[in-house]
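Following: one structure in structure tokens, then a few remarks.
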Amino acid sequence: MSGAVKEAVSLMEVLPESDKNFALEFIKKLVIAWDPDFTKVTPSERKALEEAEKDIEENGTVLHDAINWD
């Protein structure tokens with residue numbers, strides 16, 4: 001969690017509940033304005049994707065038939 005996120009959480013904790021809800025709705029609007037269809041990848045998502053791709057390259061995948069689905 002970045003410093004800005006930690007600070008935002010700390011600040012929100014001191015607000016009355018009604019203002020917390022307002023702040024949350026405002027943050028949601030900011031996110032939607034930044035990425036209206038939720039297709040952008042965050043830095044942590046990018047890292048996870050890169051790690052997964054590396055793992056597949058190094059270790060391959062598991063065949064569907066090799067999994068015990070029961």
Side-chain angles (χ1 to χ4, degrees):
M1 189 179 320
S2 73
V5 173
K6 288 179 184 176
E7 184 176 356
V9 169
S10 294
L11 291 169
M12 283 188 68
E13 287 178 341
V14 301
L15 293 173
E17 202 61 37
S18 61
D19 289 337
K20 287 179 185 176
N21 292 332
F22 172 80
L24 176 61
E25 292 306 313
F26 179 72
I27 292 169
K28 287 179 184 179
K29 287 181 187 266
L30 288 174
V31 170
I32 290 170
W34 173 71
D35 187 9
D37 55 1
F38 293 96
T39 57
K40 293 183 181 176
V41 178
T42 66
S44 61
E45 291 170 331
R46 169 63 55 211
K47 181 180 178 190
L49 288 169
E50 289 170 354
E51 289 173 358
E53 289 170 353
K54 181 180 176 188
D55 184 57
I56 290 170
E57 286 175 11
E58 292 175 357
N59 302 308
T61 59
V62 177
L63 295 174
H64 185 272
D65 293 337
I67 298 172
N68 180 357
W69 295 97
D70 294 324

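This structure is a prediction, so every number in the text was calculated from the model and none was measured.
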| note | Distance col, row Asn21:CG vs Leu15:CG, nearest 0.5 angstrom, shows 10.0 Å

| remark: Closest non-hydrogen contact found for Thr39 with Asp37 is OG1-OD1, 2.9 Å

| task | Quick one: do Glu13 and Val9 satisfy side chain to side chain contact (heavy atoms under 4.5 Å, CB included)? Show the steps, please. | result | CA-CA 6 Å; Glu13 287 178 341; Val9 169; 3.9 Å; yes

| message | Filter on salt bridge (charged side-chain N to carboxylate O under 4.0 Å, His left out), then keep only pairs touching residues 22-35, sequence neighbours left out; what's left? | response | Glu25-Lys28

| request: Please name all residues satisfying side chain to side chain contact (heavy atoms under 4.5 Å, CB included) with Ile32, sequence neighbours left out, ordered by chain then number. | output: Phe38

| said: Can you confirm whether more than 12 heavy atoms, excluding those of Lys40, are under 6.0 Å from its NZ atom? | reply: yes

| query | Can you tell me if CD on Glu45 sees more than 12 non-hydrogen neighbours from other groups inside 6.0 Å? | reply | yes

| remark: Tightest non-hydrogen contact, residues Leu24 and Met12, listed as N-CE, 4.1 Å

| field | Side-chain cluster (under 4.5 Å, hydrophobic types only) that Ile67 belongs to, other residues | value | Val62, Trp69

